[in-house]
Protein chains: 2
Amino acid sequence: MADGRTPAAISGENLLFLTDEQLRQGIEAMFFAYRGFTADPDRILANLAYGRAHHRAIHFINRAPGTTVNNLLNILGVTKQSLNRVLRTMIEDGLVESRVGKSDKRERHLYLTDAGRALEGQLSDAQRVRMRSAFRDAGPDAVAGFRTVLEAMMDTEMQRTYTRLKESGA
Amino acid sequence: MADGRTPAAISGENLLFLTDEQLRQGIEAMFFAYRGFTADPDRILANLAYGRAHHRAIHFINRAPGTTVNNLLNILGVTKQSLNRVLRTMIEDGLVESRVGKSDKRERHLYLTDAGRALEGQLSDAQRVRMRSAFRDAGPDAVAGFRTVLEAMMDTEMQRTYTRLKESGA
DNA sequence: AGTTTAAGTCAGCCTTGTTGACATTCCAAG
DNA sequence: CTTGGAATGTCAACAAGGCTGACTTAAACT
């Protein structure tokens with residue numbers, strides 16, 4: 001078995017963690033935790049003229065500088081029109097730069113400007129503070145489990161996107 | 001130490017799980033996983049005239065039948081006006097029943113009708129299928145870690161709400 | 001030359017959040 | 001008994017951020 005559990009161990013550990021009540025608690029935990037997860041950046045964004053959609057765009061442009069609009073579209077899972085509205089305001093405000101592609105001039109490659117990077121840093125700092133505190137409180141084993149479950153919860157398509165980003169990172 | 005780790009073990013396990021890169025991966029995992037988490041109920045709701053807000057209301061009314069509007073407001077973290085719009089359509093459509101309180105007639109107690117319970121079942125079945133599959137793939141230790149981290153990520157207020165619901169359940 | 005692709009844009013619609021103002025009902029304290 | 005405050009509901013207006021559909025432009029591919 002890939003995870004080192006024998007069939008005996010699996011039936012032995014009597015699957016109590018798969019009861020409907022356990023699953024419901026997992027569902028509610030996701031709901032409440034996601035609120036906490038977005039709360040800190042939301043507070044910062046509320047004072048500017050931006051929202052969560054801007055945060056997401058800015059995060060992934062920072063993560064993969066030079067990404068094309070199409071690529072970003074796939075990562076974010078929204079329509080071109082929806083992304084464009086967000087992108088346009090950030091380009092106008094000088095947070096994002098859009099450069100015509102060298103090899104393929106139809107493509108636009110996206111980069112954060114200095115101002116964009118500054119905001120990105122502010123937002124991700126806030127989000128990381130909470131994440132770091134949660135990780136530290138929970139300990140490395142819990143964190144590993146956390147990531148395993150989240151990965152298993154993604155659509156397979158998103159799993160691939162996530163893994164690609166992860167491997168490009170470090 | 002409550003979790004059995006000695007101070008030496010903590011510094012020994014060199015805190016690699018707290019690097020900025022690890023935290024960023026955790027952040028992205030939350031983002032992608034939440035999309036998966038809501039995808040199945042969203043698909044069902046798209047065919048009806050309801051959205052995620054209706055799902056949340058219906059979930060917690062089912063979880064705590066007879067809850068007051070104010071209580072639901074606190075759980076959901078939205079404004080009274082926002083909840084009321086959602087609630088009103090579901091009352092009109094015969095999914096939710098609103099009963100005037102016995103002891104305090106200002107309060108309205110909320111219950112699902114048979115039709116409401118049917119929809120709730122449909123939605124939570126869909127969501128549980130994915131959750132169950134993720135839990136099973138990840139195994140009980142990972143699930144425990146998942147819940148530990150999520151709990152640590154909540155605002156303390158939400159933590160209390162979550163715990164109260166959890167203990168009332170089973 | 002004709003088709004497909006990437007990006008952008010316009011218009012319109014929906015859900016779901018927000019504020020602010022105001023009415024009603026009822027409990028409880030003075 | 002009256003009055004203040006609490007719980008609820010309702011109306012109006014607005015914004016963010018999704019969506020669809022239609023259309024343009026430019027570039028690339030075949």
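Just so you know, these numbers come straight off a predicted model, no measurement behind them. In what follows, chains carry the letters A, B, and so on, assigned in the order in which the sequence lines appear, proteins first and then strands, with residues in each chain numbered from 1.
- To the nearest angstrom, C1' of D:dA27 lies 20 Å from CZ of A:R99.
- Atom NE2 in B:H109 sits roughly 12 Å away from atom P in D:dA7 (whole-Å rounding).
- Among the atoms of the strands shown, only primed sugar atoms or phosphate atoms (P, OP1, OP2) are found under 4.0 Å from some heavy atom of A:S103.
- Across all strands, A:A46 comes closer than 4.0 Å to no nucleic acid atom at all (heavy-atom distances).
- Rounded to an integer number of Å, the gap from A:L72 CG to C:dA6 P is 15 Å.
- Contact check for B:V86 versus B:V78: no side-chain heavy atoms found under the 4.5 Å cut-off.
- Note on B:Y111: it does not cluster hydrophobically with B:L123, by side-chain heavy-atom contacts below 4.5 Å among ILVMFWY residues.
- Across the protein-nucleic acid pair, A:L110 atom CG and C:dA7 atom C1' stand 11 Å apart, rounded to whole Å.
- Protein atom CG of B:L87 is 14 Å distant from nucleotide atom C1' of C:dT16, rounded to whole Å.
- The nearest whole Å value for the distance from the NZ atom in B:K102 to the P atom in C:dC26 is 17 Å.
- Residue A:Q81 qualifies as enclosed at atom CD: its count of foreign heavy atoms under 6.0 Å is above 12.
- Remark: the B:R106 side chain and the C:dT25 base include no donor-acceptor N/O pair separated by less than 3.5 Å.
- Remark: B:N84 is in phosphate contact with D:dT10, judged by side-chain N or O atoms under 4.0 Å from OP1 or OP2.
- Shown here for A:I58 and A:L119, the closest heavy-atom pair between the two residues is CD1-CD2, 3.9 Å.
- Put simply, CZ on A:R88 is 7 Å from C1' on C:dT9, counting in whole angstrom units.
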Sort me out a list of protein N/O and nucleotides 18-21 of chain D N/O pairs below 3.5 Å, or just none if empty.
unit_1, atom_1, unit_2, atom_2, d
D:dG18, OP1, A:R56, NH2, 2.1
D:dG18, N7, A:R85, NH2, 2.5
D:dC19, OP2, A:T79, N, 2.6
D:dC19, OP2, A:T79, OG1, 2.9
D:dG21, O6, A:Q81, NE2, 2.7

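- For the pair B:R117 (side chain) and B:N62 (backbone), a donor-acceptor distance under 3.5 Å is absent.
- Comparing D:dA7, C:dG8, D:dA27 against the side chain of A:D104 picks out D:dA27 as the nearest.
- Close to C:dT16, at under 4.0 Å from its OP1 or OP2, lies a side-chain N or O of B:H54.
- Counting to the nearest Å, the P atom of C:dT16 and the CE atom of B:M90 are 10 Å from each other.
- Between B:V69 and A:G51, the residue anchored closer to the 5' end of DNA chain D is B:V69, taking for each the nucleotide with the nearest heavy atom.
- The shortest distance between side-chain heavy atoms of B:F37 and A:I27 falls below 4.5 Å.
- Looking at A:V143 and B:L18, their side chains never come closer than 4.5 Å, going by heavy atoms from C-beta outward.
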